[in-house]
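A quick note: this is a predicted structure, and the numbers were derived from the prediction, not measured. These values consider heavy atoms only, across backbone and side chains, with no hydrogens, waters or symmetry-generated copies. The sequence lines fix the lettering, A, B, ..., with proteins before strands; numbering per chain opens at 1.
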Amino acid sequence: MVPTLSGRIQTRLFLLATVGVIVTLLIVPLLPGPARPLGGRYVNALLILLAVAVLGVVWELIYHFLMQFRWEKDWPTLFGLLTLVPEGLLLYFLLRSGAVDFIDPVPSAAFWMHFTVVWICVWLVANGPMRVPFIRWRFRGGRVL
Amino acid sequence: MYPREAQLAPPNTPAPAGDLTPELLGAAEWSDQMVAAAGIPMYDIPFLTVGGGMGSFVTLDYLRIYGVPTSQMKVVSNIDTPWQTYEFLTRCSQIPRSERIRSDSASRPDNIWGFPSYGLQETWKDKTPAYLWQLLTEPLLNDYWTPRAGTVFESLEREAKRIGYWDMLVKGQVRMVRRRVGGGYFTVVTPPEGAAPTKRIIFRSRFVHLAVGYPGLKFLPDLQEFRTKHNDYQHVVNAYEPHEQVYEFLKTRPGTVVIRGGGIVASRVLQRLFDDRKKYGLQTQIVHIFRTFVSGSHGPHIWARRKGGDGWAYQGFNYPKSVWGGQLKAQMRKLEGAERAAKYKEMGGTNTPYRRHWQEQMRAGRSGGYYHPVQGTVDRVERSKDGRLVSYVRSGDGIVREPVSDYIIDCTGLEADISEHRIFADLLQNSGAHRNPVGRLEVERHFEVKGTASGDGALYASGSATLGGYFPGVDTFLGLQVAAQEIADDLARRGFVRKMGPLRSTSQWFKWAFNTPL
């Protein structure tokens, strides 16, 4: 799928709300860290997912701008994977600095494991299986609506 | 025996029953009575596609998957399999089944979802994880991964069987499509000799789809002139026609070949010449004439700059990738008239992919003194005293070169005007169709031919003839699927078939995956 700006944003929000939530529900009990009630950990993990979505809208604006320098106005598969590094780092430091105070600090290992697994699952689905139920999605620049 | 004259029909005899009559030929719209009076057998079929190549196949595939039974659709064609013409052209232009075509991994005409991609399929089949690495890193660290021609044809055959393609095939040559009084269309077909009692048969349909491919090859004018003047079709050849004699000749003695054109076909032909040179230890000299010699990145501003060099403009596929679904597709969809033509011009131009292997071959050829790329326009081609070919090449800097060669291969891939095809010529003249801003057939966003509506029926077209419309990548695998989807959704709006939502799409995908016949 070669995205348009609205397609990028829609795909991100849609996949985080579906694949992201499912993967989070599955993975949270397995994350390392101090023993805390599972409910609280779930809420925290879902809030992190929400932060990825909200910050992501800004990231997508930046990616869209950078894409304009490419003749084909495409976004190679590898970019979709590697952008996890800047996005992960920014969120990690925002959490560490306490700038996002409604999310409890999480141990580094737990954060990175959660973030990376969700990212890779979303990326894998966007690069293939997404086209199975949504046959118009790839021809509409990633728009779901 | 009778004298010869007696066997010829006298000049004013009316056409035999079952053929077109002057009344039919002269009328823009036909009634059922007019057709009946001409004695042409008439068959009803709600949806008819004309062509029987990739465009017809992809459209039928979509509609079969959407739920239209084979009894509701027919395809009229003069070829036996949908890939026959495509395979002929690719083979001529040096892509046998074992070689890779220039197409994206997820553009697969046998699978409307594009999943799993050809890349995944070949990885599984060949047990070669290196393909996955290439797919992951294309086009940054690697060339684009592209499928083997053989993979494409084999999977098309599987899908054609699955959807019952040959149950829908009618052999014949379509002569014209005319609007029907009261709605729908008549399609006049000339069946193969002896296949029908009359010279013509007619299909009466609510919907007709035209996917007749390229109207024809067009030669560079100076080469056409030479061929006609000297009646020589052996030494001046088009890369899209069989020209194996060139390579065979070069195996027997050292020779020089002039190549014209800077597109993918020129790259392919070059590769064949370089490969043969190495494989058989040949001395072939190659003079490559670029009309537009690209020496580096080019484009009006930093946001519209394409890479290039050594004569070529580089691009992964035949259009910038975003025409099939990204930004360019979205932009073009909104443009009309001159603005649309300008956008086509901006992204157009002959180009070829940057492939590392080709780059090495050309580098070796330049440094070895046997590959000579030059800029120039050719004024004329003449025969030298010893029977070889002299090209008079004028470069932009005023230098005139006169390379002498044994063969000239035209790789420009020029296409003839749509009016060269009699179906389009007839449509333009009689059925209200008109040309788009780049001179081809103007279609709606849903690929209905503008101006040809007839009652509750619709006439659609896809493929090369519609280049210049709201969607640019029409003459590509994925472009044919974009068109087919638009057509299928339009037919759903008109109540001919149910629109396909996520659940039905998923269940249909499983049927594809398990090769369940539809």
Side-chain angles (χ1 to χ4, degrees), chain A residues 1-12 14-15 17-19 60-85 119-145, chain B residues 62 65 105-106 111-117 119-120 135-142 297-299 302-307 313-317 319-331 347 471 478 481-482 485-486 488-489 500-510 512-513:
Chain A
M1 187 271 291
V2 178
T4 59
L5 178 58
S6 64
R8 284 175 170 283
I9 295 170
Q10 288 188 22
T11 297
R12 172 182 292 250
F14 177 81
L15 286 179
T18 51
V19 177
E60 295 296 358
L61 290 170
I62 296 170
Y63 300 152
H64 180 74
F65 173 74
L66 293 175
M67 189 174 78
Q68 301 312 306
F69 291 94
R70 296 181 61 77
W71 161 254
E72 309 216 15
K73 309 289 179 272
D74 62 335
W75 198 245
T77 313
L78 191 60
F79 286 2
L81 181 63
L82 292 184
T83 39
L84 86 84
V85 178
W119 190 280
I120 288 175
C121 289
V122 164
W123 174 79
L124 283 175
V125 171
N127 274 291
M130 178 76 177
R131 302 197 291 262
V132 170
F134 303 104
I135 48 170
R136 298 170 191 91
W137 171 76
R138 64 170 164 164
F139 298 147
R140 292 182 182 171
R143 280 190 299 122
V144 183
L145 300 174
Chain B
Y62 247 98
I65 291 168
S105 171
N111 172 327
I112 67 169
W113 305 270
F115 178 79
S117 63
L120 294 181
L135 284 165
L136 175 68
T137 53
E138 68 174 24
L140 308 163
L141 308 179
N142 263 307
S297 287
H298 52 289
I302 190 145
W303 285 352
R305 207 157 280 169
R306 177 162 51 192
K307 285 184 182 144
Y314 296 124
Q315 190 170 285
F317 304 101
Y319 295 89
K321 261 203 126 177
S322 59
V323 307
W324 291 280
Q327 205 170 306
L328 258 171
K329 181 172 189 275
Q331 285 169 350
M347 69 171 190
F471 168 72
L478 202 52
Q481 284 184 325
V482 170
Q485 188 179 87
E486 294 279 0
D489 285 347
M500 200 160 70
L503 291 179
R504 218 149 66 83
S505 177
T506 307
S507 91
Q508 284 293 331
W509 180 83
F510 277 103
W512 178 89

- Item | Among A:Q68, A:R70, A:R143, residue most engaged with chain B (heavy-atom pairs, under 4.5 Å) | A:Q68
- Non-hydrogen atoms of chain A under 4.5 Å away: do they reach the side chain of B:Q327, the backbone, both or neither? both
- Query: Passes ring-ring contact (aromatic ring centres under 6.0 Å, His included), A:W75 versus A:Y63? Steps please.
  - Reply: CA-CA 9 Å; A:W75 198 245; A:Y63 300 152; 5.5 Å; yes
- Message: ring-ring contact (aromatic ring centres under 6.0 Å, His included), that's the test. Do A:F14 and A:F134 meet it? Break it down for me.
- Response: CA-CA 12 Å; A:F14 177 81; A:F134 303 104; 5.4 Å; yes
- Query: So what's closer than 4.5 Å to chain A heavy atoms on B:L503: side chain, backbone, both or neither?
  - Reply: neither
- Separation of A:F139 CZ from A:R131 CZ (nearest 0.5 Å): 9.0 Å
- Query: Checking heavy atoms, do the side chain of A:R136, its backbone, both or neither come under 4.5 Å from chain B?
  - Reply: both
- Nearest heavy-atom neighbours spanning B:W113 and B:I65: CH2-CD1, 4.0 Å
- Which atoms of B:K321 approach chain A - backbone, side chain, both or neither, heavy atom under 4.5 Å: both
- Note on the structure: Okay, A:M67 and chain B: the region with an atom under 4.5 Å from a heavy atom over there is side chain
- Task: Tell me, for B:A106 versus chain A, whether the close heavy atoms (under 4.5 Å) come from the side chain, the backbone, both or neither.
- Result: both
- Distance-only donor-acceptor check, side chains A:T11 and A:W137, under 3.5 Å: yes
- With chain A, the option among B:E138, B:M500, B:R504 that has the most non-hydrogen atom pairs under 4.5 Å is B:M500
- Task: With a 4.5 Å cut-off on heavy-atom pairs, point out which of B:L328, B:D489, B:T137, B:N111 contacts chain A the most.
- Result: B:D489
What pairs of donor and acceptor atoms, side-chain ones from residues 1-8 of chain A against any protein atom, are under 3.5 angstrom apart with sequence neighbours left out?
{"unit_1": "A:T4", "atom_1": "OG1", "unit_2": "A:G7", "atom_2": "N", "d": "3.2"}
{"unit_1": "A:R8", "atom_1": "NH1", "unit_2": "A:E60", "atom_2": "OE1", "d": "2.9"}

- Query: Among A:V132, A:L81, A:L78, who wins on heavy-atom pairs under 4.5 Å with chain B?
  - Reply: A:V132
- State whether a side-chain donor-acceptor pair under 3.5 Å links B:Y62 with B:Q481. no
- Top contributor to chain A interface from B:Y319, B:F510, B:F115, B:W324 [non-hydrogen pairs under 4.5 Å]: B:F115
- Count the heavy-atom pairs under 4.5 Å between each of B:G501, B:P139, B:G114 and chain A, then report the option with the highest count. B:G114
- Query: So which of A:P133, A:G80, A:P129 has the biggest tally of heavy-atom pairs under 4.5 Å with chain B?
  - Reply: A:P133
- Note on the structure: Residue set satisfying side chain to side chain donor-acceptor pair (under 3.5 Å) with B:R306, at least two apart, ordered chain then number -> B:H298, B:Q315
- Query: Between B:W509 (side chain) and B:I112 (backbone), is there a donor-acceptor pair under 3.5 Å?
  - Reply: no
